[in-house]
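The next block holds one structure in the form of structure tokens; read it before the comments.
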Amino acid sequence: MKKLLSILFIASLAAACSKDDNPPAWDDKTGACLKNYDFQYEKLLTKADVGKHVTIDEASYKLDVSTMKGQYGHATYTWNSDRPDLEIEILGQIIRGPDRNRLEFTQLYFYTASEVQLYSQESVIELFDIGYRKLSDAEVREMRENLDRQYADDPAGLEQAKKFLEARLSFNYQRVEVGDRAYWSWNDTHGLELNVLAGATSFSLRTKFSAEAATTLPITVALAKEILAKCN
């Protein structure tokens with residue numbers, strides 16, 4: 001979903017930009033290395049890597065590797081925590097369930113030079129930034145104007161695009177230093193999401209190792225560095 005949202009608004013920004021006829025320089029050594037793992041997430045971030053930074057309860061430990069390969073595949077590590085059960089309201093009913101320690105590695109994505117050029121950005125970093133950073137009032141105004149023009153003859157499409165815009169504006173990511181660019185957000189129920197860009201490759205870690213972002217974030221950053229170290 002976040003990838004679709006970012007593409008939508010990159011496109012709406014690009015509509016007002018002049019397109020450079022010369023593609024950007026491209027030498028993605030990190031991406032070439034990560035591709036060699038063939039989306040085997042569990043090999044790029046192993047149980048041993050995780051165990052360097054957080055204590056794993058062996059009796060309850062489980063690894064779930066998606067049968068789907070590619071960007072939407074994943075490796076998910078879970079084990080019991082000492083936190084109380086979660087209470088989640090679904091359709092008016094309170095559902096209780098264990099608040100397990102969790103790490104999901106997913107969304108390995110390889111940007112291309114043509115993609116950067118298509119959306120009229122100067123670099124992969126700028127392309128990545130638009131998906132997460134706080135947008136200025138001028139950018140939001142320009143996006144709304146571009147959407148009005150693009151969907152002038154499609155009221156239903158315009159309404160859907162405006163919903164995407166509102167969803168994008170609700171993003172609350174913060175910068176952290178890892179890779180070439182990284183953003184994180186926290187949810188008390190689901191935990192932390194860390195999105196990392198290294199070279200022209202991005203990936204996501206979704207983690208929960210405690211009840212607070214302050215203790216989960218440094219562990220998650222360390223795990224991101226374990227992944228990147230495979231290709232340094």
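In this text, all values refer to a predicted model and were calculated from it rather than measured experimentally. Atom set for the values below is all heavy atoms of this structure, side chains included, hydrogens, waters and symmetry mates excluded.
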Inset, instruction - Given side-chain contact (heavy atoms from CB on, under 4.5 Å), test Tyr173 with Glu193 step by step and report yes or no. - result: CA-CA 9 Å; Tyr173 288 92; Glu193 176 186 321; 2.9 Å; yes

Legend entry - Between CD1 on residue Ile227 and CG on residue Leu34, distance to nearest 0.5 Å: 8.5 Å

Legend entry - Pairs satisfying ring-ring contact (aromatic ring centres under 6.0 Å, His included), at least one member in residues 175-199, at least two apart: Tyr132-Tyr183

Inset, instruction - Would you confirm whether the ring centroid of Phe110 sits within less than 6.0 angstrom of the ring centroid of Phe39? - result: yes

Inset, instruction - Compare every heavy atom of Pro218 with every heavy atom of Ala213, then report the nearest pair and how far apart it is. - result: O-CD, 4.2 Å

Inset, instruction - With rounding to the nearest 0.5 Å, note down the distance linking CD1 in Ile219 to CG in Leu205. - result: 12.5 Å

Legend entry - From CD (Glu42) to NE2 (His74), nearest 0.5 Å: 11.0 Å

Legend entry - Arg100 and Ser60, any side-chain heavy atoms less than 4.5 Å apart: yes

Legend entry - Residues that Asn36 engages under side chain to side chain contact (heavy atoms under 4.5 Å, CB included), provided they are two or more places apart: none

Inset, instruction - In sequence, state the C-alpha distance, the side-chain angles, and the governing distance for Ser185 and Phe171, and then conclude on side-chain contact (heavy atoms from CB on, under 4.5 Å). - result: CA-CA 9 Å; Ser185 66; Phe171 286 4; over 6 Å; no

Legend entry - Within 6.0 Å of CG in Asp85, more than 12 heavy atoms from elsewhere: yes

Inset, instruction - For salt bridge (Lys or Arg N to Asp or Glu O under 4.0 Å), just list the numbers for Glu139 and Arg133, CA-CA rounded to whole Å, side-chain angles, deciding distance to a tenth of an Å, and then say yes or no. - result: CA-CA 12 Å; Glu139 286 175 324; Arg133 66 171 171 77; 2.7 Å; yes

Legend entry - Sequence-distant partners of Lys230, salt bridge (charged side-chain N to carboxylate O under 4.0 Å, His left out), two or more places apart: Asp49

Legend entry - Over 12 non-hydrogen atoms of neighbours within 6.0 angstrom of NZ in Lys29: no

Inset, instruction - May I ask you to check if Lys47 and Tyr61 form a cation-pi contact, with NZ or CZ under 6.0 angstrom from the six-membered ring centre and within 45° of the axis? - result: yes

Inset, instruction - Step through the shown structure and confirm whether more than 12 heavy atoms of other residues, nucleotides or ligands are within 6.0 Å of CG on Asp38. - result: yes

Legend entry - Minimum-distance pair of heavy atoms, taken over all atoms of Gly73 and Thr106: O-OG1, 2.6 Å

Legend entry - Pair Tyr111 + Tyr109: ring centers closer than 6.0 Å: yes

Legend entry - Exercise: do Thr216 and Thr207 side chains pair donor with acceptor under 3.5 Å: no

Inset, instruction - Taking the side chain as every heavy atom from C-beta outward, state whether Asp148 and Lys162 have any pair of such atoms under 4.5 Å apart. - result: yes

Inset, instruction - Hey, could you give me the CG/NZ distance between Asn80 and Lys62, rounded to the nearest 0.5 Å? - result: 9.0 Å

Inset, instruction - Show your reasoning for whether side-chain contact (heavy atoms from CB on, under 4.5 Å) applies to Asp28 and Thr201. - result: CA-CA 8 Å; Asp28 185 20; Thr201 302; 3.4 Å; yes

Legend entry - Within 6.0 angstrom of Gln93 CD, more than 12 heavy atoms from elsewhere: no

Legend entry - Side chains of Glu226 and His53, donor plus acceptor under 3.5 Å: yes

Legend entry - Side chains of Phe128 and Arg181 in contact at under 4.5 Å (non-hydrogen atoms): yes

Legend entry - Candidate pair Leu103 and Leu45, rule side-chain contact (heavy atoms from CB on, under 4.5 Å), full reasoning: CA-CA 10 Å; Leu103 160 64; Leu45 186 61; 3.6 Å; yes

Legend entry - Over all atoms of both residues, closest heavy-atom pair of Leu197 and Ala200: CD1-C, 4.2 Å

Inset, instruction - Report the C-alpha separation of Glu166 and Arg144 in whole Å, then their side-chain angles, then the decisive distance to 0.1 Å, and conclude whether the salt bridge (Lys or Arg N to Asp or Glu O under 4.0 Å) test is met. - result: CA-CA 10 Å; Glu166 292 308 311; Arg144 286 178 172 145; 3.2 Å; yes

